[in-house]
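Along the sequence shown, residues carry numbers from 1.
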Amino acid sequence: MIKKVGVIGIGTMGQGIAEMLASKGLDVFILEQSEERLRYGLQMIEISLDKQIEKWALTNSEKKLILSRIDSVSYYEELASCELVIETITEELEAKKEVFRKLDAICSESTILASNTSTLSLTELASVTATPDRVIGIHFIYPVLKVDLVEIVRGLKTSEETFARTKHFVDEIIMKKSVMVFESPGFVTTRLICLFINEALHVLEEGVASAEDIDNAMRIGYSFSHGPFEMADRFGLDSVLAALERMFREYGELKYRPSIVLKKMVRGGHLGVKSGVGFFQYDKDGDRIS
């Protein structure tokens, strides 16, 4: 049984993963590269819980119980007792490799080493470890609390045992629906949703409709929770751009070439919810204000 889980990187995805795991009764140990980022991540988790209380989805006692299961740690060695460690730092290959080198050195051979990467090669991440058979992808979809789907991604050397234990964890412990994916840039969800967003950007560039009307057309007409532009804002425009650029390099097909509008917005620091402004504007809690 997996009872202790480490989460490395407490950005938007890491916050959601840590909160979800703690709400399922697991002990969660979170690690960030600085105390400031760690405090901010914990603050955002508390804000998320408070918003659920406002909507009568949670009680104050449940909030306290969830927070009591989340412990912040300062060193990798403090993750040694975890049965599963999930890396969810920025999508930079070398930085992720360094995380896996450190984890491989301190975790027991029975510990599953997982990445939440949406585009990078699990085989390449596993190559820096002495035990590549225990490296696997566990790709959660934003927002983690609301979306029940998890992509379990097998690298070239991922063992059957690692896959089986990971599938049991996803299906039986955190009670989400898993799909098995063989390693491929973008896997299934990122590959398809980024193409959807990129095509919406081309429609916007051509002046066919405004961002608001394109979003309304897809949200109302096809029952999307968010239209492509608000979706991109919530993923982070820099993350969407990075995913498209990587898939463009890997596949070499023009359909993955990022829209110039997306590039301009990222260069201008308009990253979506994380910066407060993207295609739309957001308050500090991530709620849309215009």
Side-chain angles (χ1 to χ4, degrees), residues 9-17 32-34 36-37 40-41 44 87-97 115-121 139-144 185-187 189-215 218-219 224-290:
I10 308 299
T12 302
M13 288 301 294
Q15 292 158 22
I17 292 169
E32 253 294 358
Q33 61 184 4
S34 70
E36 182 183 2
R37 294 183 68 156
Y40 176 76
M44 293 306 292
E87 167 278 312
T88 178
I89 68 169
T90 185
E91 289 286 275
E92 293 178 9
L93 182 61
E94 292 306 317
K96 287 182 183 287
K97 279 183 174 181
S115 176
N116 184 56
T117 182
S118 58
T119 57
L120 297 176
S121 164
H139 181 221
F140 294 93
I141 314 298
Y142 178 88
V144 177
F187 312 136
T189 55
T190 300
R191 182 173 175 178
L192 294 181
I193 207 64
C194 284
L195 279 176
F196 171 59
I197 291 169
N198 208 37
E199 188 60 27
L201 283 158
H202 292 318
V203 172
L204 181 67
E205 279 180 57
E206 293 164 14
V208 175
S210 68
E212 180 78 42
D213 285 343
I214 292 169
D215 265 20
M218 300 310 296
R219 185 174 52 80
F224 280 56
S225 297
H226 304 295
F229 294 110
E230 185 169 349
M231 201 180 289
D233 279 350
R234 294 189 178 280
F235 292 154
L237 301 189
D238 52 339
S239 298
V240 175
L241 177 60
L244 283 166
E245 287 179 334
R246 180 163 292 278
M247 289 189 289
F248 184 41
R249 286 196 300 272
E250 294 285 343
Y251 292 114
E253 296 184 32
L254 287 175
K255 63 183 179 181
Y256 297 107
R257 186 169 64 186
S259 159
I260 191 65
V261 172
L262 181 61
K263 290 183 176 181
K264 285 180 178 178
M265 292 189 73
V266 172
R267 288 168 186 158
H270 294 185
L271 308 180
V273 172
K274 66 177 75 175
S275 66
V277 61
F279 290 101
F280 307 107
Q281 292 187 316
Y282 305 85
D283 63 20
K284 64 181 178 62
D285 296 335
D287 293 323
R288 184 172 159 185
I289 55 179
S290 69

Enquirer: Which atom pair, heavy atoms only, marks the closest approach of Met231 to His226?
Expert: CE-O, 3.2 Å

Enquirer: How many angstroms lie between OG1 in Thr190 and CG in Leu195, if you round to the nearest 0.5 Å?
Expert: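 Interatomic distance, Thr190 OG1 to Leu195 CG, rounded to 0.5 Å: 10.5 Å.
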
Enquirer: So Glu91 and Thr117, side chain to side chain contact (heavy atoms under 4.5 Å, CB included) or not? Walk me through it.
Expert: CA-CA 7 Å; Glu91 289 286 275; Thr117 182; 2.9 Å; yes

Enquirer: Return yes if some donor-acceptor pair links the side-chain N/O of Gln281 with the main-chain N/O of Ser290 below 3.5 Å, else return no.
Expert: no

Enquirer: So, are Asp238 and Lys274 salt-bridged, with charged N and O less than 4.0 Å apart?
Expert: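 Counted as a salt bridge, because a side-chain N and a carboxylate O are separated by less than 4.0 Å.
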
Enquirer: Where do Met218 and Glu230 land on the side chain to side chain contact (heavy atoms under 4.5 Å, CB included) test, with the steps shown first?
Expert: CA-CA 11 Å; Met218 300 310 296; Glu230 185 169 349; over 6 Å; no

Enquirer: Do any N or O atoms from the side chain of Asn116 and from the backbone of Met13 form a donor-acceptor pair under 3.5 angstrom?
Expert: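 Judged by distance alone, no pair lies under 3.5 Å.
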
Enquirer: Looking only at heavy atoms, which two atoms of Tyr142 and Thr12 are closest? And how far apart?
Expert: CE1-CG2, 3.4 Å

Enquirer: Specify the closest pair of heavy atoms between Ser275 and Gly269, including all atoms of both residues, with the distance to one decimal.
Expert: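 Distance-wise, the nearest heavy atoms are OG-O, 3.3 Å.
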
Enquirer: Answer yes or no: are there more than 12 heavy-atom neighbours, outside Arg37 itself, under 6.0 Å from its atom CZ?
Expert: no

Enquirer: Do Arg191 and Tyr256 meet the criterion of a side-chain donor-acceptor pair at a distance under 3.5 Å?
Expert: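 Yes.
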
Enquirer: Decide if atom CZ of Arg257 counts as having more than 12 heavy atoms of other residues, nucleotides or ligands within a radius under 6.0 Å.
Expert: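 No.
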
Enquirer: When rounded to the nearest 0.5 angstrom, what distance separates OG in Ser259 from CG in Leu244?
Expert: 9.5 Å

Enquirer: Output the distance between atom CG (Leu201) and atom CG (Leu262), rounded to the nearest 0.5 Å.
Expert: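 Here the rounded value is 5.5 Å.
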
Enquirer: Got a second to check how far Glu206's CD is from His202's NE2, nearest 0.5 Å?
Expert: 8.0 Å

Enquirer: Any chance CZ of Phe224 has more than 12 other-residue heavy atoms, nucleotides or ligands included, within less than 6.0 Å?
Expert: yes

Enquirer: Look only at the side chain of Asp215 and the backbone of Phe229, and say whether a donor-acceptor pair between them is shorter than 3.5 Å.
Expert: yes

Enquirer: With distance as the sole test, does Tyr282 use its side chain to make a donor-acceptor pair with the main-chain N or O of Arg234 at under 3.5 Å?
Expert: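 Looks like no, no N/O pair under 3.5 Å.
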
Enquirer: Please determine whether the number of non-hydrogen atoms from other residues, nucleotides or ligands lying under 6.0 Å from atom CD of Glu253 exceeds 12.
Expert: yes

Enquirer: Which distance, rounded to the nearest 0.5 Å, do you find between the NZ of Lys97 and the CD of Glu92?
Expert: 13.0 Å

Enquirer: Using a 4.5 Å cut-off on heavy atoms from C-beta on, say whether the side chain of Glu250 contacts that of Met247.
Expert: no

Enquirer: Which distance, rounded to the nearest 0.5 Å, do you find between the OG1 of Thr88 and the NZ of Lys96?
Expert: 6.0 Å

Enquirer: I need the single residue from Glu212, Met265, His270 that forms a side chain to side chain contact (heavy atoms under 4.5 Å, CB included) with Phe279. Which is it?
Expert: Met265

Enquirer: Taking all non-hydrogen atoms of both residues, which atom of His139 and which atom of Ser118 are closest, and how far apart?
Expert: NE2-CB, 3.5 Å

Enquirer: What are the two closest non-hydrogen atoms of Ile214 and Pro228, and how far apart are they?
Expert: CG2-CG, 4.0 Å

